[in-house]
Amino acid sequence: MDVVELKSHPLVEHKLAILRDKNTGTKEFREIVSELATLLCYEAMKDAKLQEVEIETPIQKMKTKKINENNYAFVPILRAGTGMLDGIIRVVPNAKIGHIGMYRDEETFKPTVYFFKVPKDIDKREVLVLDPMLATGGSGIDAIELLKQKGVKRIKFLCIISAPEGIKAMQEKHPDVEIYTAAIDEKLNEKAYIVPGLGDAGDRIFGTK
Ligand code: PRP
Ligand code: URA
């Protein structure tokens, strides 16, 4: 399935340059993660179905169209994915939110799940999974597997920076999942960090290092 990269937009490239800079502080880092999440959400919801509604402007009645927000759920992967939530809620304010807690082992790079809580009717919704980083792909792949076990049929993965290795792994395991990313970087280093990347997204969002 498709990978949509937003980087060709000058404003996205500009924001990414600030985000990647090691001298950018927590406040600005959080703000830009949130802004880029909004842009990714716009792009990922380009195919959203519209329903006809009748409203009244101050001038007259008119027929127009709206999205049914109940058709969607957003699922951040903890911790770093929660940094994208503000930007999503800004544009889809009635979104139902699930959470999947995962951390990567520092030696094996394999993810461990420590929390899973999603809306009861998640199998009836399209789910947009949020995580700023798609590195080896292990966390995203396992998160999507858990959602599929709950019966979710339509899933999109929204990330800010991705590595070619993670995209390949995701496409092999979940060929039905579309990936929306602000940038596709060069590679992973020996510690499975994205190069050039932006470092540890969770630590930079929460100021833990
Ligand atoms: C980071 C990131 C992803 C994962 C990506 O989280 O937010 O979830 O690593 O790596 P992968 O594609 O190789 O699985 P981390 O495990 O560091 O946890 P954190 O969000 O709590 O910092
Ligand atoms: N997780 C991060 O936060 N950054 C990376 O580069 C890879 C995984």
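Since the model is a prediction, treat every value here as computed from it, not as a measurement. Counting convention: from 1, in listed order, for ligands and their atoms alike.
- Nearest protein heavy-atom neighbour of atom 10 (O) of ligand 1: Arg104 CD, 3.2 Å.
- For Ala163, the closest heavy-atom approach to ligand 2 does not fall below 4.0 Å.
- The nearest protein atom to atom 11 (P) of ligand 1, hydrogens excluded, is given as Thr136 OG1, 3.4 Å; this is a heavy-atom distance.
- The main-chain N or O of Phe109 is never found under 3.5 Å from a side-chain atom of Arg104 such that the two would form a donor-acceptor pair.
- Remark: distances from the non-hydrogen atoms of Tyr103 to ligand 1 include one below 4.0 Å.
- A salt bridge is absent between Glu165 and Lys168: the closest approach of a Lys/Arg side-chain nitrogen to an acidic carboxylate oxygen does not fall below 4.0 angstrom.
- In this structure, the side chain of Arg125 engages the main chain of Asn70 through a donor-acceptor pair within 3.5 Å.
- Look at Gly199 and you'll find a heavy atom under 4.0 Å from some atom of ligand 2.
- In terms of polar-atom proximity, Gly202 is not counted as a contact of ligand 2, lacking any N or O under 3.5 Å from an N or O of the ligand.
- The closest protein non-hydrogen atom to atom 18 (O) of ligand 1 is Met102 O, 3.9 Å.
- Here the side chain of Arg204 pairs a donor or acceptor atom with the backbone of Leu198 at under 3.5 angstrom.
- With respect to atom 5 (C) of ligand 2, the closest heavy atom belonging to the protein is Tyr193 CD2, 3.3 Å.
- Protein heavy atom in closest approach to atom 5 (C) of ligand 1: Met133 O, 3.5 Å.
- Separating the CG atom in Asp185 from the NZ atom in Lys7 is a distance of 7.0 Å, to the nearest 0.5 Å.
- Cation-pi geometry between Arg90 and Phe74 is not met: the NZ or CZ atom fails to fall both under 6.0 Å from the ring centre and inside 45° of the normal.
- Here the protein heavy atom with the shortest distance to atom 3 (O) of ligand 2 is Ala201 N, 2.8 Å.
- If you check the side chains of Tyr193 and Asp200, you find a donor sitting under 3.5 Å from an acceptor.
- With no hydrogens or angles considered, a side-chain donor-acceptor pair links Thr208 and Arg79 at under 3.5 Å.
- Heavy-atom proximity to Ala135, at under 4.0 Å, picks out these atoms of ligand 1: 10 (O), 11 (P), 12 (O), 13 (O).
- When each atom of ligand 1 is checked for a heavy atom of Gly137 under 4.0 Å away, the hits are 11 (P), 12 (O), 13 (O).
- Distance from atom 8 (O) of ligand 1 to its nearest protein heavy atom, with residue and atom name: Asp131 OD2, 2.5 Å.
- Listed for the Lys156 side chain is a donor-acceptor partner under 3.5 Å among the backbone atoms of Ala44.
- Expressed to the nearest 0.5 Å, how far NZ of Lys15 lies from CD of Glu28 amounts to 8.0 Å.
- In terms of protein heavy atoms, atom 6 (O) of ligand 2 is closest to Ile194 N, 2.8 Å.
- Heavy-atom separations between Arg104 and ligand 2 include at least one value shorter than 4.0 Å.
- The residue from Cys159, Gly202, Ala80 that puts a heavy atom closest to atom 20 (O) of ligand 1 is Ala80.
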